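Okay, so here's the structure we're looking at.
Residue numbers start from 1 in every chain, and the chains themselves are labelled A, B, ... in the order their sequence lines are given, proteins ahead of strands. Just so it is clear, the model here is predicted, and its values are computed rather than measured.
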Amino acid sequence: MVVGTNDPNLAVELCGIPLLTPLIPASGTLSKEALGEVEGVYGAMLPKTTTPVARAGNPPPRVAETPAGMVNSIGLQNPGVEIFLQDLDVFDLGIPILVSVAGDTVADFGGLCERLAGDDRVSAVELNLSCPNVECGGLAFCAGPASVEEVVAACRSAVPGKPILAKLTNEGVVENARAAEAAGADGLTVINTIPALTIDARARKVLVRGGLSGPAIKPVALRAVFDVSGAVGVPVIGSGGVVCGTDVAEFMLAGATAVQVGTASFVRDPRDILDEFSAYLKNGGLGAAELTGALRGIRPTLTGGRGR
Amino acid sequence: MVVGTNDPNLAVELCGIPLLTPLIPASGTLSKEALGEVEGVYGAMLPKTTTPVARAGNPPPRVAETPAGMVNSIGLQNPGVEIFLQDLDVFDLGIPILVSVAGDTVADFGGLCERLAGDDRVSAVELNLSCPNVECGGLAFCAGPASVEEVVAACRSAVPGKPILAKLTNEGVVENARAAEAAGADGLTVINTIPALTIDARARKVLVRGGLSGPAIKPVALRAVFDVSGAVGVPVIGSGGVVCGTDVAEFMLAGATAVQVGTASFVRDPRDILDEFSAYLKNGGLGAAELTGALRGIRPTLTGGRGR
Amino acid sequence: MKFYNVKVEERKELGNYTLLRYRWNDGPIEPGQFVMARAAGYPVTLDPFLARPFSFYDYDGETASLLFEVRGRGTALLDLASTIEVTAPLGKGFRIEPDLGRAALLGGGIGVAPLKVLGRRLDAMGVPYDVFLGFADAGSAVVAREFAGAEVATMDGSVGTCGTVLDTFATLEDYAAVYSCGPNPMLAAVKLAAGEKSLCQLSVEERMGCGNGSCNGCVVPVRGGGYVRSCVEGPVFRAEVLAW
Amino acid sequence: MKFYNVKVEERKELGNYTLLRYRWNDGPIEPGQFVMARAAGYPVTLDPFLARPFSFYDYDGETASLLFEVRGRGTALLDLASTIEVTAPLGKGFRIEPDLGRAALLGGGIGVAPLKVLGRRLDAMGVPYDVFLGFADAGSAVVAREFAGAEVATMDGSVGTCGTVLDTFATLEDYAAVYSCGPNPMLAAVKLAAGEKSLCQLSVEERMGCGNGSCNGCVVPVRGGGYVRSCVEGPVFRAEVLAW
Ligand SMILES: Cc1cc2nc3c(=O)[nH]c(=O)nc-3n(C[C@H](O)[C@H](O)[C@H](O)COP(=O)(O)OP(=O)(O)OC[C@H]3O[C@@H](n4cnc5c(N)ncnc54)[C@H](O)[C@@H]3O)c2cc1C
Ligand SMILES: Cc1cc2nc3c(=O)[nH]c(=O)nc-3n(C[C@H](O)[C@H](O)[C@H](O)COP(=O)(O)OP(=O)(O)OC[C@H]3O[C@@H](n4cnc5c(N)ncnc54)[C@H](O)[C@@H]3O)c2cc1C
Ligand SMILES: Cc1cc2nc3c(=O)[nH]c(=O)nc-3n(C[C@H](O)[C@H](O)[C@H](O)COP(=O)(O)O)c2cc1C
Ligand SMILES: Cc1cc2nc3c(=O)[nH]c(=O)nc-3n(C[C@H](O)[C@H](O)[C@H](O)COP(=O)(O)O)c2cc1C
Ligand code: FES
Ligand code: FES
């Protein structure tokens with residue numbers, strides 16, 4: 001407890017990994033160019049999803065503003081896992097590094113996990129089972145519990161030494177969460193962007209077909225986190241629309257152990273979000289870890305951590 | 001064509017029913033007290049969903065504001081179909097009346113349709129297969145294509161003389177749309193609110209667990225309308241986040257034949273939305289009906305109308 | 001719902017509360033009625049998304065004024081606005097029965113708002129009344145000076161009696177009519193204190209989506225079961241109607 | 001991304017465009033660099049949600065100015081703002097090679113924006129240059145008076161040559177360097193007109209999510225395949241790099 005002390009205790013533990021703050025940059029929303037600004041803000045680093053081989057991504061336009069949000073269709077542009085690992089050191093801010101992976105097949109996921117298994121810089125692996133923009137990827141074969149279970153099981157055995165986090169989309173999230181847990185996931189990231197479409201009425205054409213993110217989806221993400229954390233025993237990482245400190249609190253109250261900040265980092269300094277969250281905790285004389293599930297007294301067990 | 005003329009042609013045809021404008025009030029968002037304001041705005045009337053017997057609805061709080069939207073948990077409060085029909089005349093503004101029905105079982109839906117079959121005031125029936133707030137209702141047994149098909153088939157035979165519109169939720173919308181069409185639905189309303197949750201961080205309690213509506217969900221609804229109108233042959237009615245005239249155009253370009261205005265009517269005068277849409281058409285020298293699917297040249301066939 | 005774009009004629013701070021005055025000569029206003037209001041900007045801005053309900057604080061036939069407390073983003077923006085969007089007067093106000101005798105007006109916090117214009121009406125009708133007000137602290141209690149002779153209580157004891165509005169009187173037995181506005185828990189307590197004999201009317205505070213009866217969001221439980229919409233059946237209810 | 005809250009020191013209308021000036025003494029600004037900007041109000045208001053990219057129009061070491069055209073809600077709100085939120089200078093600007101010889105500055109519509117501060121820099125370095133500007137109409141062309149001696153064209157022929165900026169010159173052959181900003185289709189045409197021999201730099205216009213390289217949203221296709229982010233690798237690119 002930190003009642004009365006001057007700075008609240010922001011530390012949380014995620015799958016056995018100690019985090020100095022519960023904030024994590026959402027995959028694909030923090031580039032190396034922007035790292036300078038985030039010293040001390042995040043509890044762990046989480047670069048953009050990497051794939052077995054390089055992806056050029058989708059043609060522009062790739063982003064469109066929507067009410068309280070944006071739709072993106074990046075298409076997992078990335079240099080491929082080998083170059084990714086060559087450059088990984090730039091993401092070393094002295095905090096744990098989580099690596100997000102995605103592929104088109106179970107073998108892709110398994111292969112990526114094997115590749116990461118031996119790399120000591122990687123504290124945990126996040127499986128992007130949900131990118132709505134790669135039609136032949138995530139969604140296509142990760143839509144249901146069966147495929148989720150298959151992919152997670154393959155990754156589980158491929159990277160026995162590190163926690164794996166399954167990142168799920170909103171559609172069918174509770175069943176998929178149970179399947180991922182059953183297959184050995186140590187944690188779940190809930191949720192990814194929601195499939196959406198924007199249209200340019202003046203030009204009468206589709207502008208961007210992709211995934212919706214930002215505050216617009218916060219109530220949907222909160223419900224997913226609340227329901228999932230009530231249905232599984234592993235820790236849940238909240239993602240979706242966090243834009244201020246109160247949002248972080250809401251996700252943790254709903255049952256999240258840590259919270260990802262994505263789109264908001266484009267429009268605000270994430271440090272302000274941490275400061276606001278800190279003020280919230282101070283106000284209530286609470287430590288960050290005490291918030292998780294406080295809403296209903298449920299706290300996900302922190303077992304399953306394979307921390308190094 | 002209306003090029004050059006002063007007021008664009010707003011008329012559309014929905015399942016054989018001629019509508020003076022493509023706007024329809026979304027079920028549950030326009031009460032008889034507010035009818036005075038909407039003369040000439042809507043092409044059809046659509047009162048709140050009615051059920052076999054009266055429902056008291058959920059305890060307050062029932063509504064919460066969210067970024068560019070709101071979450072509601074009304075719980076289908078309504079007096080039951082008999083009293084509903086006694087009072088139906090107040091909704092007669094000289095335009096077609098569509099009636100929304102919901103029940104907990106296939107028999108409920110069938111029974112309601114039978115009850116309406118003989119009522120000449122009812123131009124069409126909208127099946128609310130998707131209310132996220134009645135846990136024992138809509139969602140529970142209408143979640144998948146099988147149950148959608150069952151309910152629609154039952155209603156189809158119960159009300160042979162009128163068009164039936166199946167109102168679908170976003171989750172699994174394309175499969176459910178195909179199932180509804182196969183079972184004889186004359187049209188589809190896409191989408192209902194999206195399951196969501198709001199939390200009061202200060203009080204550390206759940207505020208409202210219900211459905212998200214408003215501009216926040218527009219990009220999700222647009223994608224659903226675009227995908228569904230590409231997958232079925234029956235007309236689609238767009239619903240979700242329409243707040244201005246451009247939004248109406250976007251839904252029609254995406255493939256909608258008519259567009260529902262819900263939450264927006266709480267925060268704006270729907271007449272302004274029609275005026276903006278009208279200006280948009282004038283600008284492009286278009287008639288409303290020409291917009292439908294213009295984006296990709298696809299126009300849902302207008303067959304299946306059982307218009308009286 | 002139709003919103004009218006009106007200029008803020010006057011903005012005044014009464015301690016923790018802000019008073020906004022705007023022209024309104026489009027029909028009468030009943031004490032206890034309210035408007036849905038927000039800072040101007042639609043449709044260019046959608047934030048905040050919903051308008052907020054505010055009781056009429058005062059009305060002179062020419063200009064109406066609102067008195068509000070800044071709580072969240074909606075009131076924060078309203079507090080900065082030079083132009084606001086308001087609806088026509090909404091809901092059912094306080095029913096006044098002139099011949100009953102002495103009335104008690106009880107306000108809790110910003111619940112004081114509708115009591116000003118109610119008092120004016122009672123004065124005009126020659127109905128005698130006493131005012132009892134409860135506030136959190138001195139900053140909120142500043143508005144009390146607008147109610148000459150009011151009994152005042154503050155939670156922190158900084159002004160008047162230490163406690164709630166319920167601590168400002170011994171009994172309500174001598175009052176033929178009780179009019180009250182404040183947080184719902186306070187209203188429930190007032191209902192108890194007023195007892196069965198007097199005509200007790202309460203202006204309830206529920207979250208609203210629309211304000212014109214369309215959303216069924218603002219309901220209160222009523223005796224005999226079920227819920228009614230406070231924006232059209234209320235916000236003022238006879239105490240005995242409420243299942244509190 | 002970090003945003004700085006700055007007061008609008010001056011607001012001026014140049015025909016259809018608005019000029020906003022604000023204090024900026026926090027580091028140098030390269031011609032062609034840009035800021036992400038929006039009307040102040042975060043986090044109270046989330047509308048518009050994203051900030052918008054704007055080139056620096058001018059900079060005197062003390063104050064920076066933006067020149068913009070109102071198109072949608074973001075610029076509409078910016079146009080009304082007395083305080084705005086801006087980032088530090090972003091992206092890579094125009095590279096100037098002093099000894100090349102005469103330069104041509106080509107602007108299309110609001111694409112004129114970065115050419116003002118670029119011209120100042122060229123003057124300072126003693127590089128001779130000519131300015132060619134194209135606009136839709138007279139209202140947009142008003143800003144041309146800020147560019148003494150510029151050749152001007154308007155689509156409606158109301159000012160200068162009737163046509164686009166490409167109709168304001170016979171050939172670009174005599175220019176060692178070509179600097180251009182405008183809609184992407186115009187830039188593609190300029191690339192063609194400039195040919196291979198000159199140093200041709202184009203400031204591209206892509207939709208941006210973040211402005212600091214994080215979202216991968218603002219990409220342009222490059223020769224040799226793939227895409228690069230225009231907010232960090234650009235917005236100014238050597239013409240031959242672009243796969244247009
Ligand atoms: C009939 C009626 C009359 C009222 N009269 C006044 C008045 O005269 N002066 C005044 O200061 N306040 C009044 N209130 C309360 C006022 O509506 C809220 O304080 C205000 O809505 C808070 O908005 P916000 O943006 O500051 O808070 P936020 O937290 O940003 O509001 C978020 C959402 O919750 C709703 N909400 C939050 N708190 C309340 C509340 N206590 N009651 C109802 N809705 C709430 C808002 O309307 C909004 O939809 C009245 C409420 C009702 C129902
Ligand atoms: C590097 C760069 C420099 C620019 N410099 C200037 C300048 O100096 N002056 C100026 O007036 N404009 C400039 N623009 C264009 C300017 O960013 C857009 O006009 C502006 O974003 C439109 O916003 P809006 O709110 O008016 O339109 P909206 O339609 O409301 O914008 C919706 C979304 O689309 C984006 N968008 C819309 N049109 C454009 C566009 N043409 N280019 C990029 N994004 C767009 C917006 O940023 C926003 O995210 C520049 C663009 C870029 C990429
Ligand atoms: C531009 C952009 C790129 C993204 N790229 C990825 C990605 O590569 N991998 C991934 O798992 N999620 C990706 N996401 C999803 C985010 O990680 C996050 O889950 C989602 O945006 C919801 O959170 P937010 O509302 O805070 O942004 C991306 C989101 C955005 C906006
Ligand atoms: C307060 C409220 C009540 C609603 N009640 C119903 C209902 O009774 N039946 C129904 O089919 N949909 C109901 N809906 C959903 C709307 O009809 C509409 O499909 C949804 O709100 C999305 O559209 P919108 O964003 O324009 O509001 C309700 C929505 C709201 C906000
Ligand atoms: S606020 Fe919508 S019914 Fe009362
Ligand atoms: S705008 Fe985000 S990477 Fe360029």
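Considering only heavy atoms from C-beta on, A/Tyr280 stays 4.5 Å or farther from A/Val248 through its side chain. Using a 4.5 Å heavy-atom threshold, the side chains of B/Val173 and B/Asp227 count as separate.
Between chain B and the residues A/Ala216, A/Ala224, A/Ala203, A/Gly172, the most heavy-atom pairs under 4.5 angstrom are made by A/Ala216. Contact count against chain B (heavy-atom pairs under 4.5 Å) is highest for A/Ile199 among A/Val206, A/Ile217, A/Asn170, A/Ile199. Taking chain B as the reference chain and counting heavy-atom pairs below 4.5 Å, the highest number among A/Pro67, A/Ala221, A/Gly214 is found for A/Pro67.
Heavy atoms closer than 4.5 Å to chain B are found in both the backbone and the side chain of A/Val220.
Put simply, CG on B/Asn176 and CG on B/Leu188 are 10.0 Å apart, with the number rounded to the nearest 0.5 Å.
Judged by distance alone, the side chains of A/Asn58 and A/Ser73 do bring a donor and an acceptor atom under 3.5 Å apart.
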